[in-house]
Amino acid sequence: TNSTESIPIRLNKELAPCRQVLDDLESHDEAWPFLLAVNTKQFPTYRKVIRNPMDLQTIGKRLSQNEYKSRDEFVSDVRLIFDNCETFNEDNSPVGKAGHTLRLFFETRWADLTSG
Ligand SMILES: Cc1ncccc1N[C@@H](C)c1cnc2ccsc2c1
């Protein structure tokens, strides 16, 4: 069955901005470091430093599986991506700069989509 049939209309409407902003993030030029989970073979220290990894693909799966019960849960996962990025990457590194750019894009787009 279509996974959206099972959730109340209210929740479905409530989460619409989440799908929209996720699509916008995934298609952003600076999204490349955040599309998939950080490969721990490529970055062996990552999981020691970052206790709660997060990425855009994981958020998309959670959204499609109706794991978010509120917009706030969704927003927390998105902000976790950028907080992890700041923890692990220098601000002036390519990934660090991408994180700051994409965080500002997210907060601006999210405010536009949800300001009523
Ligand atoms: C967001 C993040 N934080 C810390 C480490 C990595 C990453 N991203 C991965 C995709 C990444 C980021 N940059 C490069 C450069 C060559 S492979 C590769 C993979």
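Note that ligands are numbered from 1 as they come in the structure, with each ligand's atoms numbered from 1 the same way. The analysis underlying the following values was restricted to heavy atoms, covering all of them including side chains, and did not include hydrogens, waters or symmetry mates. This is a predicted model, so every value here is computed, not measured.
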Subject >> Heavy atoms from other residues, nucleotides or ligands near CG of D29 exceed 12 (cutoff 6.0 Å) >> reply: no
**OP:** Please name all residues satisfying side chain to side chain donor-acceptor pair (under 3.5 Å) with S76, sequence neighbours left out, ordered by chain then number.
**Re:** none
Original post:
Under the side chain to side chain contact (heavy atoms under 4.5 Å, CB included) test, which residues partner D91, sequence neighbours left out?
Top reply: E86, H100
Subject >> side chain to side chain donor-acceptor pair (under 3.5 Å) against R19, all qualifying residues, sequence neighbours excluded >> reply: S64
Original post:
Do the ring centers of F105 and W110 come within less than 6.0 Å of each other?
Top reply: no
Would you mind listing each N/O atom of ligand 1 next to any protein N/O under 3.5 Å, plus the distance?
unit_1   : atom_1 : unit_2 : atom_2 : d
ligand 1 : 3 (N)  : N89    : ND2    : 3.2
ligand 1 : 8 (N)  : P33    : O      : 3.1

Subject >> Salt bridge flag under 4.0 Å for residues E107 and R79 >> reply: yes
